[in-house]
Amino acid sequence: MDWKRVKSILIALLLVTDLLLGYNIYIQFGNRISTERDAIETALRLVGAGYGLSSGMILALPERMYSYIVPRDAAAELAFAQKLLGDDTTSRDAGGGIIEYTGRRGSAVIRSAGEIELEAALDDISAADAEGVKKLLTEAGLSIASEVETNALGSYSVPQTRDGFAAPRYSLTCAVSNGRLKITGRWLISTQWRSEERSISRAELVIKLGDWLAAANINAVLSIEPAYHILTAAGRGMYASPVWVVETDAGVFMINALSGVPEP
């Protein structure tokens with residue numbers, strides 16, 4: 001038996017099998033996208049054209065989002081404080097979810113809901129611009145996926161994101177003056193984000209959004225953006241709820257992507 005020829009035939013058969021499997025996966029993926037698109041179009045027809053919603057607006061939103069439980073991460077908070085205040089930084093539990101940090105460069109206070117107040121002397125003056133601030137915070141353990149914004153008064157805003165989406169009301173303001181860094185704001189310093197529930201489909205959300213728009217007497221939707229609304233989860237730390245941030249002619253509202261219900 002010509003084993004070399006048999007081997008060549010087997011390899012060719014395996015390649016054909018791989019191609020067939022790949023084609024089958026491609027067809028299934030295309031069918032799923034088509035089904036999802038059809039469901040969204042049907043939902044939009046049911047809601048009606050009066051609100052300014054379009055398939056392009058809805059299809060631009062993520063197909064799925066997840067909720068997260070975020071327990072307090074003492075080790076990550078200490079590492080953050082040590083990077084900015086010095087390796088000699090020590091912590092003290094002041095009660096009520098408040099941890100105080102003191103090091104050779106300065107001091108900080110971090111509260112259980114992520115509220116941060118920090119002031120420190122800078123060893124490296126290169127941190128006195130937007131890129132320097134971003135680099136400094138990244139080295140301190142923060143995951144920064146968005147651009148650092150320069151404010152009118154010369155301070156810098158650093159918004160927190162998750163999965164590439166903003167977390168409204170969670171951002172840090174950093175000011176650098178006379179060789180000192182001052183940080184205030186909110187940020188969940190944690191490496192322990194645990195995913196829980198998955199959002200309902202975009203088509204279902206469109207239906208629920210339409211019901212809410214009608215009940216609230218809202219006339220037009222101007223834009224929709226995905227985001228995470230961070231809340232306190234009793235006994236478990238913090239909870240990041242996936243939402244659609246809906247800008248309308250009557251204001252801006254958050255719609256829970258798990259239930260379709262407006263959030264406060």
Side-chain angles (χ1 to χ4, degrees), residues 60-62 65-87 89 91 99 101 103 105-177 179-195 225-232 237-245 254 257:
L61 298 166
M65 296 175 73
Y66 294 85
S67 64
Y68 291 92
I69 286 293
V70 191
R72 189 162 189 180
D73 191 339
E77 289 183 1
L78 177 60
F80 170 81
Q82 287 178 331
K83 179 63 182 179
L84 297 177
L85 304 179
D87 295 336
T89 297
S91 63
I99 306 296
Y101 298 91
R105 296 194 195 113
S107 62
V109 173
I110 302 179
R111 295 175 173 82
S112 56
E115 294 179 26
I116 298 172
E117 297 174 15
L118 180 145
E119 188 166 351
L122 290 176
D123 288 344
D124 184 358
I125 200 63
S126 67
D129 58 27
E131 283 304 310
V133 166
K134 183 174 183 178
K135 180 175 182 291
L136 188 68
L137 295 179
T138 300
E139 290 175 348
L142 302 191
S143 178
I144 302 174
S146 59
E147 292 299 317
V148 174
E149 303 171 6
T150 303
N151 300 323
L153 298 177
S155 60
Y156 306 97
S157 293
V158 188
Q160 182 163 23
T161 61
R162 181 66 189 181
D163 301 334
F165 310 129
R169 296 193 286 271
Y170 271 75
S171 67
L172 296 179
T173 298
C174 304
V176 180
S177 178
R180 296 191 67 81
L181 171 68
K182 185 176 182 179
I183 298 176
T184 56
R186 288 181 175 180
W187 194 286
L188 296 185
I189 305 174
S190 178
T191 59
Q192 301 174 32
W193 291 64
R194 298 198 299 263
S195 61
E225 296 290 339
Y228 278 99
H229 185 202
I230 298 177
L231 306 162
T232 300
M238 303 299 290
Y239 178 72
S241 173
V243 297
W244 283 3
V245 179
M254 289 189 289

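Just so you know, residue 1 is the first one in the sequence shown, and it goes up from there.
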Should Ile230 and Val70 be marked as a side-chain contact (heavy atoms from CB on, under 4.5 Å) after you check the CA-CA gap, both sets of side-chain angles, and the distance that decides it? CA-CA 9 Å; Ile230 298 177; Val70 191; over 6 Å; no
Quick check: closest heavy atoms across Ala130 and Tyr156, and the distance to 0.1 Å? N-CE2, 3.5 Å
Rounded at 0.5 Å granularity, tell me how far SG in Cys174 sits from NZ in Lys182. 12.0 Å
Rounding to 0.5 Å, atoms CG (Asp73) and CD1 (Ile189) come to a distance of 9.0 Å
Determine yes or no for a side-chain-to-main-chain donor-acceptor pair under 3.5 angstrom, with Tyr228 supplying the side chain and Tyr66 the backbone. yes
Which atom pair, heavy atoms only, marks the closest approach of Thr89 to Gly103? OG1-CA, 3.6 Å
Smallest separation among heavy atoms of Pro71 and Ser190, with atom names: O-OG, 3.2 Å
Indicate the atoms forming the closest heavy-atom contact of Thr191 with Ala76, along with that distance. CG2-CB, 4.5 Å
Donor-acceptor check, side chain of Ser155 to backbone of Asn151, threshold 3.5 angstrom: yes or no? no
Once rounded to the nearest 0.5 Å, what's the spacing between atom CE of Met238 and atom CZ of Arg72? 10.5 Å
Taking the side chain from Thr173 and the backbone from Gly185, do they hold a donor-acceptor pair closer than 3.5 Å? no
CZ on Phe80 to CG on Leu137, rounded to 0.5 Å: 6.0 Å
Under a 4.5 Å cut-off applied to non-hydrogen side-chain atoms, are Leu188 and Trp193 in contact? yes
Is any side-chain heavy atom of Pro242 closer than 4.5 Å to one of Ser67? yes
Please check if the number of heavy atoms outside Glu147 that lie under 6.0 Å from its CD is greater than 12. no
If you take all heavy atoms of Ser171 and Pro159, which pair is closest and at what distance? CB-CA, 3.6 Å
Apply the test side-chain contact (heavy atoms from CB on, under 4.5 Å) to residues Arg186 and Gln160: give CA-CA distance (whole Å), side-chain angles for both, the deciding distance (0.1 Å), then the verdict. CA-CA 9 Å; Arg186 288 181 175 180; Gln160 182 163 23; over 6 Å; no
Between atom OH of Tyr101 and atom CG of Leu85, what is the distance when rounded to the nearest 0.5 Å? 10.0 Å
Please test Arg162 against Tyr170 for side-chain contact (heavy atoms from CB on, under 4.5 Å), starting from the C-alpha separation and ending with a verdict. CA-CA 11 Å; Arg162 181 66 189 181; Tyr170 271 75; over 6 Å; no
Compare all side-chain heavy atoms of Leu142 with those of Val158 and state whether any distance is below 4.5 angstrom. no
Between Arg105 and Lys83, is there a donor-acceptor pair closer than 3.5 Å when you use the side chain of the first and the backbone of the second? yes
Indicate yes or no: does Glu139 engage Lys135 in a salt bridge with an N to O separation below 4.0 Å. yes
Roughly how far, to the nearest 0.5 Å, is CG of Leu118 from CG of Leu172? 9.5 Å
